[in-house]
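Excluded from the calculations below are hydrogen atoms, water molecules and symmetry mates; all remaining heavy atoms, backbone and side chain alike, are included. Below, read A as the first sequence line, B as the second, and so on, with proteins coming before strands; counting in each chain starts at 1.
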Protein chains: 2
Amino acid sequence: MQQAMIDGMETPDDLGYGRGDATPRQLRAQFGRLLGMAATHSSRTLGEALAEIGARKYHFAVLASLDEFGPSSQAQLSDRTGIYRSDLVATVNELAGDGHVRREADPADRRRNVVSMTPAGDERRRQIAEVLARTNDAILAPFDPAEREQFAALLHRLNDHLAPRGKW
Amino acid sequence: MQQAMIDGMETPDDLGYGRGDATPRQLRAQFGRLLGMAATHSSRTLGEALAEIGARKYHFAVLASLDEFGPSSQAQLSDRTGIYRSDLVATVNELAGDGHVRREADPADRRRNVVSMTPAGDERRRQIAEVLARTNDAILAPFDPAEREQFAALLHRLNDHLAPRGKW
DNA sequence: TACTAATGTTTGTTGCGCTAACGAATATAG
DNA sequence: CTATATTCGTTAGCGCAACAAACATTAGTA
């Protein structure tokens with residue numbers, strides 16, 4: 001919709017139309033905004049770095065899970081990564097399409113698939129881990145080790161508080 | 001005692017098929033994930049609190065901006081809040097629909113609109129600020145004042161590093 | 001006057017988190 | 001053994017925030 005009424009009113013033409021790109025204090029003070037901005041930016045930075053090698057976060061989550069727990073059903077992967085089962089389908093599709101995982105029917109329970117990591121997948125995992133580490137380091141550049149530790153500890157505590165169940 | 005209807009059964013929990021909802025370490029260690037989880041949760045918590053009064057974050061951003069800088073063009077609001085111009089259209093639509101802001105054509109420059117806050121809008125701003133403060137406090141419950149300060153400082157530094165231009 | 005730039009708007013895309021529904025397979029109760 | 005419930009993978013789609021692109025209108029400027 002739009003306004004058709006242009007019955008020009010007073011509207012002082014000398015209002016503070018200065019070049020103002022200052023962020024309002026009431027906004028700058030919002031903790032949630034600080035958090036959101038930081039997350040948005042780092043998420044984007046990480047996402048772009050991963051995109052350069054054709055990967056996505058979910059890929060790493062699944063590969064890391066397989067690395068630590070071995071062949072798993074998709075339900076297990078979902079539980080461990082926090083990725084919804086519906087989204088896992090696409091993720092496993094992509095990984096399987098690239099030959100990084102194998103998806104086979106479980107003979108013991110024909111409802112489930114056994115997803116296992118291939119050697120190529122393990123290499124992929126290492127590659128992604130490296131990209132993540134490097135990017136992460138760039139993101140945390142302004143902080144010394146103690147501060148990073150501190151930062152991470154605060155976030156851990158916050159998450160424990162917000163998601164007591166461990167999941168997310 | 002599981003039934004061995006179909007023979008060839010092995011323990012259903014064999015081959016590492018244990019009940020595992022443990023998050024892989026490689027994931028838990030990712031700073032970006034920590035940040036993302038925290039942001040997702042607090043954002044959701046805040047969003048739900050705001051939804052209870054029919055408000056959204058963008059509303060507060062615009063109202064706060066108008067409160068501090070007075071009547072502004074949408075471009076200015078965009079600059080100051082970080083909300084994209086395309087998204088601002090809808091935000092101003094909503095606020096205007098509720099009588100919280102007025103959108104009038106600027107007689108001095110017919111390209112732009114002058115958005116100004118109404119008395120009802122100012123009251124709305126206070127209401128939202130209160131909800132935000134309360135919710136924020138709940139989110140940060142596990143932290144003492146010093147820690148909150150610290151947390152905010154870290155986030156500020158991170159944001160300055162990630163978005164040196166102040167914008168986002 | 002012609003070019004350039006700013007403004008508001010519409011439209012659409014992407015990634016992520018999430019819900020609903022469903023068929024197939026399996027487990028459990030009666 | 002049968003009826004019911006539950007699990008698993010899958011498809012489809014919603015909602016939201018961030019963002020890109022194009023466009024008409026209007027202003028400034030060479």
Compare side-chain N and O positions of A:Gln74 against OP1 and OP2 of D:dT10 and report whether any pair is under 4.0 Å apart. yes
Polar pair under 3.5 Å, donor/acceptor by atom type, side chain A:Thr40, base D:dA17: no
A:Ser72 OG to A:Asn113 CG distance, which is reported to the nearest 0.5 Å: 12.0 Å
Would you say a side-chain N or O of A:Arg56 is under 4.0 Å from OP1 or OP2 of C:dT14? no
Rounding to an integer number of Å, can you tell me how far A:Ile83 CD1 sits from C:dG15 C1'? 13 Å
Separation of A:Asn113 atom CG from D:dC8 atom P, in whole Å? 12 Å
Rounded at 0.5 Å granularity, tell me how far NZ in A:Lys57 sits from CD1 in A:Ile83. 11.0 Å
So, does B:Tyr84 get its side chain near the phosphate of D:dA18, meaning an N or O under 4.0 Å from OP1 or OP2? no
Does a distance-only test, which skips hydrogens and angles, find a donor-acceptor pair under 3.5 Å between the side chain of B:Arg111 and the base of C:dA6? yes
Just call it for B:Ser43: base, sugar-phosphate, or nothing, with non-hydrogen atoms closer than 4.0 Å on any strand. nothing
For a quick check, tell me whether the side chain of B:Asp87 and the base of D:dC19 share a donor-acceptor pair closer than 3.5 Å. yes
Considering all heavy atoms, the nearest A:Arg125-A:Phe60 contact: O-CE1, 4.0 Å
Is it true that atom CD of A:Glu149 has more than 12 heavy atoms of other residues, nucleotides or ligands lying nearer than 6.0 Å? no
Within the pair A:Arg112 and D:dT10, is there a side-chain N or O less than 4.0 Å away from OP1 or OP2? no
In whole Å, what is the span from the CG atom of B:Leu77 to the C1' atom of C:dT9? 15 Å
Can you measure B:Met37 atom CE to C:dG17 atom P for me and round it to whole angstrom units? 10 Å
Distance-only donor-acceptor test, B:Arg110 side-chain atoms vs D:dT26 base atoms, 3.5 Å: no
When A:Ser86 and B:Ala75 are each assigned the nearest nucleotide of DNA chain C, the 5'-most assignment goes to B:Ala75
B:Asp109 CG - C:dA5 P separation (whole Å): 17 Å
Between CG of B:Asp106 and P of C:dA6 the distance, given in whole Å, is 17 Å
From CZ of B:Arg85 across to P of D:dA24 the rounded distance in Å is 18 Å
Round to the nearest Å and state the distance from B:Leu88 atom CG to C:dT11 atom C1'. 17 Å
Nearest heavy-atom approach of A:Ala61 to A:Thr81 is O-CG2, 3.5 Å
So, OP1 or OP2 of C:dG17: does either fall under 4.0 Å of a side-chain N or O from A:Tyr58? yes
